[in-house]
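Chain letters run A, B, ... following the sequence lines, proteins first, then strands; residues in each count from 1.
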Amino acid sequence: MSSKAIVCRCEDVTLDDVEHTIAIGYRSVEEVKRYTGLGTGPCQGKECMVHAALLCARASGAPPETIAPFTSRPPVAAAPLRIFAAAEKDDDDQAQR
Amino acid sequence: MPSSDLRLPHPPRGAPVTLRFEGRDLPACEGESVAVALYASGERVLSRSVKYHRPRGFFCLDGHCGACLMRVGGKPNIKACLTPVKDGLAVERQNAFPSGGFDVLAAADFFFSSGMDHHTMMTSPRALNAVMQKVVRQLGGLGRLPDERPGGPPPLPAVSVRHVEVAVVGGGPAGLAAAATLARAGREVLLVDEQDRPGGSYLAHPSFGVPAADRAADEARAAGVELISRAAAISWFPEDAPKPGAPPGLLAVYTQAGLLELTADRYLYATGAYDQNALFIDNDRPGVLAARAVGRLLSRFGILPGERPLVLGAGPYAQALASALENAGAQVTRVDGIETRLLAAKGHSWVRAAELLAPGAKRAHRVRCDLIAVAALPAPASELPRQHGVPVELRPQGGGFACVVDADGASAIPKVFAAGDVTGFKGPEAARTQGERAGLALARSFS
Ligand code: FES
């Protein structure tokens with residue numbers, strides 16, 4: 001087992017990965033997400049986004065309140081696709097009526 | 001790693017049931033989640049991580065971190081911490097070859113000891129790139145497809161549509177207090193909570209625990225609040241209307257009965273806060289748990305989480321947890337994380353020690369421990385209000401991106417309120433007070 005400090009557990013993104021990303025010039029949470037894949041796993045950033053934001057703020061010297069989160073997209077919690085399939089079917093029924 | 005039953009004698013337990021864990025029978029009690037029952041029996045490695053195949057156990061015990069995904073009842077990627085035990089339920093580890101205990105793919109952790117950059121991997125020579133893609137495909141992915149069901153897939157669950165006066169999301173201290181206040185003022189309130197038992201952060205706090213959670217839920221129900229458990233609000237869809245001709249905007253709620261399309265005259269987000277980890281070496285080791293997960297094990301489930309726990313953190317919660325663990329008979333090491341720093345967790349499939357750096361010391365020293373409870377500030381769970389247009393602000397003292405609201409919980413979006421830890425972490429007592437105040441303001445907003 002090698003030594004790693006993990007920022008994003010879902011996607012195995014390490015502190016080194018995030019620091020490297022910031023060092024090559026990406027300074028926003030959205031950019032760090034796109035470059036490292038952080039925040040794209042099952043938890044969708046619930047554990048890593050604030051760490052990424054604070055690391056970005058520290059690196060850029062920007063006041064925290066100017067740092068934006070990445071966009072939150074549905075669903076916020078994991079849900080089986082079948083529940084949406086059922087909603088879709090209702091839409092079709094309505095269209096046919 | 002302790003292997004005997006860690007259930008403490010005192011709190012009354014549900015009826016005994018038996019889990020089928022990888023072909024073995026494991027004792028459990030009704031009211032426990034799969035993750036809790038496995039922990040109580042000493043089974044700690046639940047899966048392997050997606051890229052480096054590092055051993056993983058649960059972290060938050062609250063349905064948020066995604067660290068507890070297992071194959072349950074033949075279905076992959078089920079959160080073991082949110083799944084109640086049932087007699088005969090089949091539970092397996094996932095993402096490990098040939099088994100969760102031993103994983104040959106963990107070699108990835110050695111090969112890529114300084115990290116795996118998929119960008120540079122893609123620019124390497126073509127032949128090598130092709131090989132790497134195969135390796136990565138072997139390593140990647142979460143779980144295997146579900147078992148085939150005899151007779152094909154079950155019918156799709158029904159979609160229900162409802163409109164209420166006030167929709168409250170989250171059944172913790174703030175949500176329950178606001179809902180009860182509103183119902184007493186004569187309002188129709190529907191509260192949805194994703195956990196199997198209402199109470200939220202009360203259930204994780206040794207000074208509150210089950211009695212406070214039950215009291216708050218009973219008061220809300222007695223006032224007339226309709227409370228649905230295991231109902232996760234998963235999205236705010238601003239463009240969708242529940243019915244043709246209705247104004248756009250609906251809250252999608254995943255309930256055990258299927259999808260609920262919910263609309264309301266007023267919305268209150270009391271979604272709480274997510275447990276956070278601290279950034280030290282091997283902070284993902286099984287046995288590094290969110291302090292509130294340790295609090296839940298102890299206060300809600302009556303399980304002694306460890307005999308030599310280390311509690312990391314300087315705040316009031318770390319203090320309360322450390323005392324409660326000591327009272328339960330544990331030998332606690334406290335590390336504030338400011339003066340004395342935690343550098344690394346030691347141990348392979350379970351934590352055995354921690355490497356600390358004392359103030360002024362040149363070299364690190366080790367302390368033995370069988371658990372690291374990380375009491376970092378929880379981060380406001382502000383995704384749903386963000387989807388609903390509520391502005392947020394990064395507040396390091398509030399744990400993360402907090403909803404911006406006034407003293408009554410009103411946001412910049414008309415008819416949308418937020419209260420409790422989602423407006424900046426504040427703990428159960430202050431969250432309850434803020435919830436009550438938001439409830440009064442919401443009640444006034446109708447007249
Ligand atoms: S999601 Fe289950 S432990 Fe965090």
Okay, Lys79(B) and chain A: the region with an atom under 4.5 Å from a heavy atom over there is side chain
Under-4.0 Å salt bridge between Lys51(B) and Glu11(A) | no
Listed pairs under 3.5 Å, donor-acceptor, residues 66-80 of chain A side chains, sequence neighbours left out:
residue, atom, partner, partner atom, Å
Thr66(A), OG1, Pro63(A), O, 2.6
Ser72(A), OG, Gln387(B), NE2, 3.0

If one checks every heavy atom of Leu69(B) against chain A at 4.5 Å, the contacting part turns out to be side chain
Do any N or O atoms from the side chain of Asp284(B) and from the backbone of Ile6(A) form a donor-acceptor pair under 3.5 angstrom?
no
Cut-off 4.5 Å, heavy atoms of chain B, and the answer for Leu15(A) is side chain
Of Val13(A), Asp12(A), Val7(A), Val50(A), the largest count of non-hydrogen pairs under 4.5 angstrom with chain B goes to Asp12(A)
Heavy-atom donor-acceptor pair, Ser235(B) side chain to Phe237(B) backbone, under 3.5 Å = no
Given Gly66(B), Cys60(B), Cys65(B), the one with more heavy-atom pairs under 4.5 angstrom with chain A than any other is Cys65(B)
Bottom line for Ala232(B): the part with an atom under 4.5 Å from chain A's heavy atoms is side chain
Turns out that what part of Asp275(B) lies under 4.5 Å from chain A's heavy atoms comes down to backbone
The interface call for Pro378(B) against chain A, heavy-atom contacts under 4.5 Å, is neither
I'd like to know if the side chain of Asp421(B) reaches the main chain of Pro380(B), judged simply by a donor and an acceptor atom lying under 3.5 Å from each other, with no hydrogens or angles considered. no
The interface call for Arg56(B) against chain A, heavy-atom contacts under 4.5 Å, is side chain
**Study point:** Whether Gln276(B) side chain and Cys48(A) backbone form a donor-acceptor pair below 3.5 Å
**Key:** no
Using a strict cut-off of less than 4.0 Å between a Lys/Arg side-chain nitrogen and an Asp/Glu carboxylate oxygen, indicate whether Asp17(A) and Lys4(A) qualify as a salt bridge. no
